Amino acid sequence: MKFDGSYLRMAEIWAQNSYCKRRKVGALLVKDKMIISDGYNGTPSGFENVCEDENGVTKPYVLHAEANAITKVAKSGNSSAGATLYVTASPCVECSKLIIQSGITRVVYRDEYRLTDGVDLLRRAGIEVEQLSE
């Protein structure tokens with residue numbers, strides 16, 4: 001689609017807000033050419049902004065960018081039904097379940113994650129998935 005590259009670049013910029021050291025991921029939810037939500041990976045609201053433990057391992061309660069964008073739109077009262085999710089890394093299987101349940105119909109991502117089970121699940125659910133490399 002016409003603005004895919006622009007929205008993906010905006011998600012890349014948004015990823016820089018993450019406090020995570022191992023990997024910074026950004027996500028934008030777009031519906032009817034409007035950004036309805038955004039997210040980046042990090043700890044839940046009210047927690048310290050430290051994603052990794054003293055050994056450099058990601059803490060188990062860190063939220064992924066997609067989960068943050070989806071829960072943020074839910075909190076706002078807007079609907080993600082029919083929206084496109086732009087994310088800098090392909091979704092994991094847990095985020096893919098949230099994507100399916102939230103009514104998102106299309107996912108555009110940049111980097112392939114080492115596991116493809118999330119993308120496989122999205123395709124199985126009939127969600128359009130596209131990797132965009134610029």
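Quantities reported herein were computed from a predicted structural model and do not represent experimental measurements. Starting from 1, each residue takes its place in the sequence as its number.
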Student: side-chain hydrogen bond (donor to acceptor under 3.5 Å, both in side chains) with Glu128: which residues, sequence neighbours excluded?
Tutor: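 So Glu128 forms a side-chain hydrogen bond (donor to acceptor under 3.5 Å, both in side chains) with Arg106.
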Student: Less than 4.5 Å apart, side chain to side chain, heavy atoms only: is that true for Cys51 and Arg22?
Tutor: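 Result no, sub-4.5 Å side-chain heavy-atom pair not found.
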Student: Can you tell me if Asn68 and Tyr40 form a side-chain donor-acceptor pair at under 3.5 Å?
Tutor: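 Tyr40 and Asn68 do not have a side-chain donor-acceptor pair below 3.5 Å.
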Student: Sub-3.5 Å donor-acceptor pair from the side chain of Ser80 to the main-chain atoms of Ser102, do we have one?
Tutor: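 Checking the backbone N and O of Ser102 against the side chain of Ser80, a donor-acceptor pair under 3.5 Å is found.
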Student: Applying ring pair (Phe, Tyr, Trp, His ring centres under 6.0 Å) between Tyr86 and each of Trp14, Phe3, Tyr7, report the one that passes.
Tutor: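 The option that passes is Tyr7.
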Student: Measure the spacing between NZ of Lys31 and CD1 of Ile104 and express it to the nearest 0.5 Å.
Tutor: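 The NZ atom of Lys31 sits 10.5 Å away from the CD1 atom of Ile104.
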Student: Using atom types as modelled and distance alone, determine if a side-chain donor or acceptor of Asn41 lies under 3.5 Å from a backbone N or O of Val25.
Tutor: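 Judged by distance alone, yes, a pair lies under 3.5 Å.
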Student: Measure from the side-chain N and O atoms of Ser90 to the backbone N and O of Glu112, and report whether any donor-acceptor pair falls under 3.5 Å.
Tutor: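 Side chain of Ser90 to backbone of Glu112, a donor-acceptor pair under 3.5 Å: no, none is there.
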Student: Could you check whether any side-chain heavy atom of Val107 comes within less than 4.5 Å of a side-chain heavy atom of Pro91, counting everything from C-beta outward?
Tutor: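 Yes, close enough: below the 4.5 Å cut-off.
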Student: Can you see which heavy atom on Ala67 is nearest to which on Cys95, and at what distance?
Tutor: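 In this case the closest contact between Ala67 and Cys95 is N-SG, 4.2 Å.
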Student: Heavy atoms, side chains only, cut-off 4.5 Å: are Leu115 and Cys92 in contact?
Tutor: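 No, every pair of side-chain atoms sits at 4.5 Å or beyond.
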Student: For Gly118 versus Ser96, what's the shortest heavy-atom pair and its separation?
Tutor: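 Shortest heavy-atom contact: O-OG, 2.9 Å.
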Student: Determine whether a donor-acceptor pair (N or O, by modelled atom type, separation under 3.5 Å) exists between the side chain of Asp53 and the backbone of Asn55.
Tutor: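 Checking the backbone N and O of Asn55 against the side chain of Asp53, a donor-acceptor pair under 3.5 Å is found.
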Student: Counting C-beta onward and ignoring hydrogens, is there a side-chain heavy-atom pair between Leu85 and Ile99 closer than 4.5 Å?
Tutor: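 Contact flag for Leu85/Ile99 side chains = yes.
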Student: So which atom in Val50 and which in Thr43 form the shortest heavy-atom distance, rounded to 0.1 Å?
Tutor: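 That would be O-CG2, 3.5 Å.
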Student: Please report the closest heavy-atom contact between Leu122 and Ile100, naming both atoms and the distance.
Tutor: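 Minimum heavy-atom separation between Leu122 and Ile100: CD2-CG1, 4.0 Å.
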Student: Kindly state each residue pair satisfying salt bridge (charged side-chain N to carboxylate O under 4.0 Å, His left out) with at least one member in residues 72-98, sequence neighbours excluded.
Tutor: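 Matches after skipping sequence neighbours: Asp38-Lys72, Glu94-Lys97.
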Student: Indicate if Ile36 and Val30 have the same hydrophobic cluster label, given that clusters are the connected sets of ILVMFWY residues with side-chain heavy-atom separations under 4.5 angstrom.
Tutor: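 Unlinked, Ile36 and Val30 end up in two clusters.
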Student: To the nearest 0.5 Å, tell me how far Leu98 CG sits from Leu63 CG.
Tutor: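 Output value for this atom pair is 9.5 Å.
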Student: Is Arg110 paired with Glu12 through a side-chain N to carboxylate O contact shorter than 4.0 Å?
Tutor: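 A salt bridge links Glu12 with Arg110.
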Student: How many angstroms lie between CD in Glu52 and CZ in Arg23, if you round to the nearest 0.5 Å?
Tutor: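 Result: 12.0 Å between the selected atoms.
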Student: If two hydrophobic side chains count as joined below 4.5 Å and joins carry through other members, does Tyr109 share a cluster with Leu28?
Tutor: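 No: no chain of side-chain contacts under 4.5 Å links Tyr109 to Leu28.
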Student: May I ask you to decide whether Lys59 forms a salt bridge with Glu48, counting only side-chain N to carboxylate O separations under 4.0 Å?
Tutor: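 Here Lys59 pairs with Glu48 in a salt bridge, since their nearest N and O are under 4.0 Å apart.
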Student: Are any of the side-chain heavy atoms of Thr84 and Val108 separated by less than 4.5 Å?
Tutor: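 Yes - at least one pair of side-chain heavy atoms lies under 4.5 Å apart.
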Student: Does any non-hydrogen side-chain atom of Leu29 lie less than 4.5 Å from one of Glu66?
Tutor: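 They are not in side-chain contact.
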Student: Quick one, Val62 with Cys20, criterion side-chain contact (heavy atoms from CB on, under 4.5 Å). Give me CA distance, side-chain angles, the key distance, then yes/no.
Tutor: CA-CA 9 Å; Val62 167; Cys20 297; 4.2 Å; yes
Student: Which atom pair, heavy atoms only, marks the closest approach of Val73 to Ser76?
Tutor: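 Between these two residues, the closest heavy atoms are O-OG, 2.7 Å.
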Student: Determine, using the 4.5 Å side-chain heavy-atom cutoff (strictly less than), whether Val119 and Leu132 are members of one ILVMFWY cluster.
Tutor: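 Result: no, two separate clusters.
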Student: A quick test of your reading: do over 12 heavy atoms of other residues, nucleotides or ligands sit less than 6.0 Å from CD of Glu130?
Tutor: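 More than 12 within 6.0 Å, yes.
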